[in-house]
Number of protein chains: 2
Amino acid sequence: MTNIRDLAREANVSVTTVSRVLNDHPYVANEKRQAVREAIEKLGYIRNQTAVHLSTGMTKTVGVMLPFVDHPYHAAILQGIAQAAFDASYRFLTWQTNYVETHEQLALDALAQQEIDALIVVSHSLPLSVILPYERHGPIVFCEHHEDVVAVYIDHYTAFQQGLAHLRQQGHTSIGICLGRPDSTNSLARKHAYQEVVCDEFVYEQTLTIEDGATVARRWMQQKQRPTAILTASDHVAAGLILELRKQGYQVPGDLSVIGFDGSELAEVLAMTTIAIPYATIGRHAFQLTIREDPIARPQIEVPSAFISGTTVLPHA
Amino acid sequence: MTNIRDLAREANVSVTTVSRVLNDHPYVANEKRQAVREAIEKLGYIRNQTAVHLSTGMTKTVGVMLPFVDHPYHAAILQGIAQAAFDASYRFLTWQTNYVETHEQLALDALAQQEIDALIVVSHSLPLSVILPYERHGPIVFCEHHEDVVAVYIDHYTAFQQGLAHLRQQGHTSIGICLGRPDSTNSLARKHAYQEVVCDEFVYEQTLTIEDGATVARRWMQQKQRPTAILTASDHVAAGLILELRKQGYQVPGDLSVIGFDGSELAEVLAMTTIAIPYATIGRHAFQLTIREDPIARPQIEVPSAFISGTTVLPHA
DNA sequence: TCTTGCCGTGAAACGCGTTTCATAGCCTAT
DNA sequence: ATAGGCTATGAAACGCGTTTCACGGCAAGA
């Protein structure tokens with residue numbers, strides 16, 4: 001492999017000058033610049049990026065810690081990160097953690113070991129007390145709300161309030177909710193909004209996928225005391241719920257009103273009442289925050305959710 | 001930042017010995033090994049990975065070139081890659097290209113510039129004549145079939161034949177197909193299978209998403225001459241098609257039989273007839289092929305598809 | 001007793017681009 | 001005429017871990 005010293009020799013200049021040409025620095029005479037360019041051409045030189053990384057002390061790479069790359073919600077955030085990173089000529093490394101703490105730790109290690117310049121935590125199970133000390137090695141941005149961290153998030157409390165208010169306006173008093181991981185930050189905020197207005201609790205936990213939604217449907221069908229409406233934590237869960245109910249001969253919204261969450265394509269095609277979240281925007285903001293200039297301040301960005309009226313909610317008699 | 005020379009000084013050994021301790025090499029006396037460990041502890045040493053990368057000439061990182069990170073089909077492959085890479089202590093960098101050739105080129109550049117050790121091409125639009133020369137910089141593995149390249153793929157020709165044969169057995173003679181990018185390798189294979197058995201062609205192109213499926217439904221409804229069955233190139237397209245038709249009062253499979261493609265959760269909950277593809281397996285194999293020992297041979301792995309009988313196909317009178 | 005051979009250790013080279021600092025010529029403002 | 005500033009250029013240091021090579025010591029096989 002030819003390196004810049006070979007180029008310098010070939011072009012009769014110093015390595016400094018070669019480096020300047022490579023980086024488009026000014027203060028290089030045109031003849032020398034030309035000579036270096038010819039040497040590059042002649043010797044087929046290709047810049048070694050790992051050397052650049054070592055030399056500059058940065059990798060122009062951010063890490064992304066997320067539980068699953070193939071779940072629609074996370075993939076949508078990833079999409080936003082991918083786009084913003086691309087625009088800024090950054091790369092991103094992904095740690096798919098499955099919420100396993102030792103796997104999450106590897107992403108933190110990578111930050112400490114200077115493999116990445118910054119870390120975006122989409123979702124985590126390690127406590128903040130473990131994660132935050134790593135901020136001394138580089139910016140860490142969260143995609144969910146915590147006090148005193150850099151974060152871009154949506155207000156799940158308010159979003160759920162909106163959904164619940166809508167159902168109550170429609171006369172529903174017996175309302176159920178579907179949550180993901182029961183103790184996640186987001187679930188706690190949702191449960192909080194729920195418990196403020198509801199007496200009889202119908203909480204379905206660990207619902208993440210379409211299949212989980214179908215499972216909720218089966219549980220609902222077997223219940224003696226049933227809610228007349230369910231607010232879910234994802235369109236996929238809602239879709240599984242709706243489709244399974246209909247498959248079994250129930251009416252949605254006739255027998256059960258359902259509200260989704262995400263504002264996905266799936267909600268659109270099912271004409272689902274849902275709460276739209278701009279996930280790609282979250283990803284983009286998160287990336288932007290990693291490369292912000294001020295490393296001291298801890299900005300927080302709240303992105304808005306939007307209630308979308310569809311055909312899966314009916315007034316309750 | 002403390003480095004191994006600081007450690008060597010602190011522990012009264014040479015940097016070589018420190019390196020050996022760090023890498024668990026034998027031939028280090030226990031006292032010295034212990035002394036180095038204490039120095040690491042005392043000085044809070046953290047290995048600089050970029051230096052390791054430069055020194056060893058490899059990054060333990062593979063690149064993934066794919067059009068979209070948030071499309072179910074690609075995300076599923078990514079999932080397999082993520083898992084296999086994790087198991088092998090590798091990382092992966094993702095280039096989301098949107099099929100833009102200049103973006104694809106950046107992934108190739110990264111391979112040449114030693115940012116990644118190998119590249120997995122999930123899908124591409126650059127011609128092979130541009131891509132293959134980069135094999136001299138590291139292994140390149142494709143997730144679709146081409147002659148004389150390292151590849152892991154499914155036989156779309158045979159898979160489509162299966163679907164078509166099923167429809168014909170059920171008495172359908174007027175059959176339509178949905179394709180993605182019309183000139184992609186996979187689409188060509190599919191079209192090939194289709195044109196071998198069908199006279200009247202109903203080809204719906206550029207279908208990738210649920211929304212695209214709904215669009216196909218609208219087109220189908222407006223057609224005078226309509227197929228009685230449609231074979232799609234993805235479950236999402238099929239789902240959009242089915243749900244839109246039902247929303248408009250048509251019967252599936254009564255008015256139109258539909259076969260999906262992927263074997264996704266969505267197909268399962270819709271009890272869709274589909275062709276299941278083990279995408280995660282493709283991703284895993286692809287990763288394995290990047291770190292294979294023999295860099296000369298060009299192995300190919302064909303992964304099987306599986307016809308899954310559901311409730312979206314009805315015999316034609 | 002002599003030769004292998006393994007254990008243990010370190011100096012120095014290596015991978016390679018960036019950046020600091022010093023130097024020098026030349027022009028402009030005072 | 002002189003100080004100050006800009007253009008140009010290169011030597012050398014820097015970032016930092018790995019690896020090659022050489023060498024001393026000791027034990028086992030010949």
Side-chain angles (χ1 to χ4, degrees), chain A residues 1-37 39-40 43-61 89 109-117 137-138, chain B residues 1-37 39-40 43-61 89 109-117 137-138:
Chain A
M1 285 281 84
T2 98
N3 59 35
I4 58 169
R5 295 179 219 257
D6 298 330
L7 291 182
R9 204 173 310 121
E10 177 72 25
N12 265 308
V13 297
S14 70
V15 294
T16 315
T17 298
V18 174
S19 178
R20 280 199 263 259
V21 172
L22 252 22
N23 293 292
D24 285 319
H25 279 313
Y27 301 164
V28 178
N30 278 328
E31 318 89 70
K32 303 223 172 188
R33 173 164 274 128
Q34 193 51 37
V36 171
R37 295 229 168 99
I40 290 172
L43 302 183
Y45 170 77
I46 300 176
R47 189 84 117 301
N48 182 328
Q49 282 297 339
T50 67
V52 176
H53 294 163
L54 174 60
S55 197
T56 59
M58 56 191 304
T59 56
K60 291 271 190 176
T61 303
S89 299
D109 292 342
L111 182 62
Q113 295 175 167
Q114 302 176 56
E115 242 182 297
I116 51 179
D117 296 342
H137 297 111
Chain B
M1 285 281 85
T2 99
N3 59 36
I4 58 168
R5 293 175 222 260
D6 298 329
L7 291 182
R9 204 173 309 121
E10 177 72 24
N12 264 309
V13 297
S14 68
V15 293
T16 314
T17 298
V18 174
S19 178
R20 279 197 265 260
V21 173
L22 252 22
N23 293 291
D24 286 319
H25 279 313
Y27 300 166
V28 178
N30 277 330
E31 318 89 72
K32 303 223 171 188
R33 172 165 275 127
Q34 193 51 36
V36 171
R37 295 229 168 98
I40 290 173
L43 302 184
Y45 171 75
I46 300 176
R47 191 75 118 309
N48 181 326
Q49 281 298 339
T50 67
V52 176
H53 293 163
L54 175 61
S55 197
T56 59
M58 57 191 304
T59 56
K60 292 268 189 181
T61 302
S89 299
D109 292 342
L111 183 62
Q113 295 175 169
Q114 301 177 58
E115 245 183 295
I116 50 179
D117 296 342
H137 297 111

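Per chain, numbering begins at 1; letters A, B, ... match sequence-line order. The figures that follow rest on heavy atoms only: side chains count, while hydrogens, waters and symmetry mates do not.
When the nearest nucleotides of DNA chain C are assigned to B/Lys32 and B/Ala51 by heavy-atom distance, the more 5′-ward of the two goes with B/Lys32. Each of B/Val28 and B/Gln114 was assigned the nucleotide of DNA chain C with the nearest heavy atom; the assignment lying further toward the 5' end belongs to B/Val28.
In this structure, B/Asp24 places its CG atom 15 Å from P of C/dG8, rounding to the nearest Å. Whole-Å rounding puts the B/Asp6 CG to D/dG17 P distance at 9 Å. Taking atom CG of residue B/Asn12 and atom C1' of nucleotide C/dG10, one finds them 13 Å apart after rounding to whole Å. Here D/dT18 presents its P atom at 12 Å from CG of B/Asn3, a figure rounded to the nearest Å. Whole-Å rounding puts the A/Gln113 CD to D/dC16 C1' distance at 14 Å. Here the P atom of nucleotide C/dG15 and the CG atom of B/Asn48 are 19 Å apart, to the nearest Å. Rounded to an integer number of Å, the gap from B/Glu115 CD to C/dG15 C1' is 17 Å. Atom-to-atom, NE2 of A/His25 to P of D/dA8 comes out at 15 Å; the value is rounded to the nearest Å.
Residue-to-nucleotide contacts include no donor-acceptor pair under 3.5 Å from the side chain of B/Arg20 to the base of C/dG8.
Between B/Lys60 and B/Val52 there is no side-chain heavy-atom pair separated by less than 4.5 Å. Proximity of B/Asn48 to A/Leu54: side-chain heavy atoms (C-beta onward) are separated by under 4.5 Å at one or more points.
Checking the phosphate oxygens (OP1, OP2) of D/dG10, a side-chain nitrogen or oxygen of A/Thr17 falls inside 4.0 Å. For D/dT9, neither phosphate oxygen OP1 nor OP2 lies less than 4.0 angstrom from any side-chain nitrogen or oxygen of A/Ser14. Taking side-chain N and O atoms only, A/Ser55 has no distance below 4.0 Å to OP1 or OP2 of C/dG17. Taking side-chain N and O atoms only, A/Tyr27 has no distance below 4.0 Å to OP1 or OP2 of D/dG5. Residue B/Thr56 has no polar side-chain atom (N or O) positioned under 4.0 Å from OP1 or OP2 of D/dT18. Side-chain nitrogen and oxygen atoms of A/Arg47 include at least one within less than 4.0 Å of the OP1 or OP2 phosphate oxygen of C/dT18. Contact annotation: A/Asn23 side-chain N/O to C/dT18 OP1/OP2 distance is under 4.0 Å.
Of the candidates C/dT9, C/dT20, D/dG17, the closest approach to any side-chain atom of A/Thr16 belongs to C/dT20. Relative to the side chain of A/Ser19, the nucleotides D/dT9, C/dT19, D/dC16 differ in distance, and C/dT19 lies closest. When distances run from any side-chain atom of B/Val52 to the nucleotides D/dT18, C/dT19, C/dC16, the shortest one goes to D/dT18.
Counting non-hydrogen atoms under 4.0 angstrom, B/Val13 reaches the backbone sugars and phosphates but no base.
In terms of heavy atoms, B/Ile4 sits closest to B/Tyr45 at CG2-OH, 3.5 Å. Closest of all the heavy-atom pairs between B/His25 and B/Arg33 is O-NH2, 2.6 Å.
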Test A/Glu10 against A/Val18 for side-chain contact (heavy atoms from CB on, under 4.5 Å), laying out the working first.
CA-CA 11 Å; A/Glu10 177 72 25; A/Val18 174; over 6 Å; no
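At least one donor-acceptor pair under 3.5 Å links the side chain of A/Thr59 to the backbone N or O of A/Glu115.
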